[in-house]
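The structure under discussion appears below in the form of structure tokens.
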Number of protein chains: 2
Amino acid sequence: MQEKKQQRHARPATYGKGQVRIDAILDAAAEVLINQGYKKMTLRQIALRAGITVGNLTYYYPSKETLLKDLLEKILSGYLEEMARIVKASGHIPEDRFVAVIEYLIDDLNRQRTTRFFPELWALSNHDEHAAELMEDMYVAERRAICDLIQAINPNLELQQAKHLALFVSCSIEGMTMFVGAGKQQESALQSMKKMACESFLLLIRQTSQA
Amino acid sequence: MQEKKQQRHARPATYGKGQVRIDAILDAAAEVLINQGYKKMTLRQIALRAGITVGNLTYYYPSKETLLKDLLEKILSGYLEEMARIVKASGHIPEDRFVAVIEYLIDDLNRQRTTRFFPELWALSNHDEHAAELMEDMYVAERRAICDLIQAINPNLELQQAKHLALFVSCSIEGMTMFVGAGKQQESALQSMKKMACESFLLLIRQTSQA
DNA sequence: TCCTATATTGTACACTTGTCCTAATTTAGT
DNA sequence: ACTAAATTAGGACAAGTGTACAATATAGGA
């Protein structure tokens, strides 16, 4: 039962000041990544946004690689925690909980932070092994949560079927990132997508039968 | 009835040699983009892969921006042409044609070229206006094709409904890019996704009623 | 063959990148 | 106040970036 510990790659900050700095650095890095893209996410831009010097930045993060690791871990774990919160907070009727999760995920596309970050992550994980691992971990957890809900809705499903359904559901929603939400289509489209997705997924889950 | 002309941004090549060079440059650029990502898509890498010098490269493309334009236009128009070919080649029963298109799009995810290129494009279009326009043009055309098929399947649908359905279908498939196909999940998952997608989409199209 | 536009090379430039290093400043416990 | 560790600033570095340009080589019609 190994717990995946939240390990920081930054220099361990002993004074309070250092801890604040590290947070500021990661926040600044996230802003730059989201507002300007990974290509322009340079140490100097991050330092500028964080209000410190490059020298100070490299004191906490001796390499850009470690900074990127911490940044991705922080952002991704944020999404996972929020997801877990939604699952817990929703009622006890499986259908309702499923719909709550779907609607949360789709509503999240209204945040520019989301619609800009994930394509960067996907592109990054194409050629960055560590980014790929972190991304995989997050989606595995997301699919597991969705899979549980699916099995609660239709207990007759085999595990493999439920897993494939969860994968399909996850894909369908992630695919909206580039097209729906923050500054892309009209608001009505997002509402329409939500309705369509929920109805379509529930239909698919209920009517899928054992092999 | 304006025709969007396929305009090259490269220096017009008068000799045959020049035309061959431009093709080689774009092919090399595509390879580098797909194999190493946009960040490493440098003029020197492209020139190396194309077997020419940087000086020669900048003779045809005086700026990296124009090279990127031609590259994206070439790749995207390739996908659009292939898509149009599939639509034309499929039978005359609407359902069959729809399924053919869906299956083509999903099967295409078996090409690493596809699963690597599109995330790069999505990330690029986050902060590159021109990339965003080209991408939008392609997806608009794709959705129009899907929308036509949807209306053929269920003529009772209002245009807006059909458009939203097409958007949902397109999103669902694009979302698979990061998770299914070339070196991601097992082959069985892709087959399962194909089956699920077709059944689910057809169900959704048939049962959606007028507002 | 010769000649001119085309194609190609090699080099140079100004700029940005991540990383490194030393000196100065600040912190918090004694 | 003193001190040792932690933090910060500022500058330097080599490597890599896109771009510019003059010199050379090649193509293909006259």
Side-chain angles (χ1 to χ4, degrees), chain A residues 8-30 32-33 35-72 120 123-124 127-131, chain B residues 8-30 32-33 35-72 120 124 127-128 130-131:
Chain A
R8 279 277 122 97
H9 302 93
R11 168 184 295 268
T14 50
Y15 294 172
K17 209 175 179 183
Q19 196 48 252
V20 170
R21 274 280 183 264
I22 293 178
D23 285 345
I25 289 171
L26 292 179
D27 286 347
V32 176
L33 176 61
N35 293 331
Q36 311 189 237
Y38 181 71
K39 191 189 174 184
K40 293 191 177 177
M41 195 188 88
T42 152
L43 296 190
R44 281 163 184 82
Q45 278 296 316
I46 296 171
L48 185 68
R49 184 81 76 140
I52 61 177
T53 60
V54 185
N56 198 5
L57 177 53
T58 64
Y59 167 72
Y60 289 106
Y61 285 103
S63 80
K64 190 181 182 182
E65 189 190 357
T66 57
L67 170 54
L68 182 63
K69 282 187 184 180
D70 270 13
L71 176 62
L72 295 183
E120 297 286 346
L124 223 43
H127 306 99
D128 181 320
E129 197 57 44
H130 190 258
Chain B
R8 279 277 122 97
H9 303 92
R11 167 183 296 267
T14 49
Y15 293 173
K17 208 175 180 183
Q19 196 47 252
V20 170
R21 273 281 182 263
I22 293 178
D23 286 345
I25 288 171
L26 292 179
D27 287 347
V32 176
L33 177 60
N35 293 330
Q36 311 189 235
Y38 181 71
K39 190 189 174 184
K40 294 191 177 177
M41 196 188 89
T42 152
L43 297 188
R44 281 163 182 83
Q45 277 297 314
I46 297 171
L48 185 69
R49 184 81 77 143
I52 61 177
T53 61
V54 187
N56 198 5
L57 177 53
T58 65
Y59 168 74
Y60 290 105
Y61 285 104
S63 80
K64 190 182 180 181
E65 188 190 355
T66 57
L67 169 54
L68 182 64
K69 283 187 183 180
D70 270 15
L71 176 62
L72 294 184
E120 297 286 345
L124 224 44
H127 306 98
D128 182 320
H130 190 258

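In what follows, chains are A, B, ... by sequence order, proteins preceding strands, each numbered from 1. Just so it is clear, the structure is predicted and the values come from calculations on it, not from any experiment. The analysis underlying the following values was restricted to heavy atoms, covering all of them including side chains, and did not include hydrogens, waters or symmetry mates.
Closest to the side chain of A/Ala13, from the set D/dT7, C/dT8, D/dA9, is D/dT7. Ranking C/dT9, C/dA7, D/dT19 by closeness to the B/Leu43 side chain, first place goes to D/dT19. Minimum atom distance to the side chain of A/Asn56 is reached by D/dT7, of the listed C/dT19, D/dT7, C/dA5. Relative to the side chain of A/Lys64, the nucleotides C/dT19, D/dA6, C/dT9 differ in distance, and C/dT19 lies closest. Here D/dT8 is the nucleotide among D/dG28, C/dC20, D/dT8 with the atom lying nearest to any side-chain atom of A/Tyr59.
Distance CD1 (B/Ile52) to P (C/dT11): 17 Å, rounded to an integer number of Å. Between the CD1 atom of B/Ile25 and the C1' atom of D/dG18 there is a distance of 15 Å, rounded to whole Å. Computed from coordinates, the B/Leu57 CG to C/dG10 C1' distance equals 15 Å when rounded to whole Å. Computed from coordinates, the B/Lys17 NZ to D/dT26 P distance equals 8 Å when rounded to whole Å. The separation between B/Gln45 atom CD and D/dA15 atom C1' is 14 Å, rounded to whole Å. Rounded to whole Å, the distance from CD on B/Glu65 to P on D/dT17 is 19 Å. Straight-line distance from the OH atom of A/Tyr60 to the P atom of D/dA6: 11 Å, rounded to whole Å. Atom P of nucleotide D/dT17 and atom OH of B/Tyr38 are separated by 12 Å, given to the nearest angstrom.
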(message) The test is side-chain contact (heavy atoms from CB on, under 4.5 Å); show your working for B/Arg11 and B/Arg21 and say whether it passes.
(response) CA-CA 11 Å; B/Arg11 167 183 296 267; B/Arg21 273 281 182 263; over 6 Å; no

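Contact check, A/Arg21 against D/dT8: a side-chain N or O comes under 4.0 Å of OP1 or OP2.
The nearest heavy atom of DNA chain D to A/Lys39 and to A/Gly55 marks one nucleotide each, and the one closer to the 5' end goes with A/Gly55. Both B/Arg44 and B/Pro12 sit near DNA chain C, but only B/Pro12 has its closest nucleotide nearer the 5' end.
From A/Leu124, atom CG reaches atom OH of B/Tyr38 across 15.0 Å, with rounding to the nearest 0.5 Å.
Nearest approach of A/Leu57 to A/Leu43, heavy atoms of both residues: CD2-O, 3.3 Å. For the pair A/Ala13 and A/Ile22, the tightest heavy-atom approach, listed with the atom from each and the gap, is CB-CD1, 4.0 Å.
Contact of A/Tyr15 with D/dT7 (side chain to base): no donor-acceptor pair of N or O atoms is detected under 3.5 Å.
Here B/Thr14 lies in heavy-atom contact (under 4.0 Å) with sugar-phosphate atoms only. Residue contacts for B/Thr42: at a heavy-atom cut-off of 4.0 Å it reaches the sugar-phosphate backbone alone, with no base atom in range.
The shortest side-chain heavy-atom distance between B/Tyr61 and B/Leu26 falls under the 4.5 Å cut-off.
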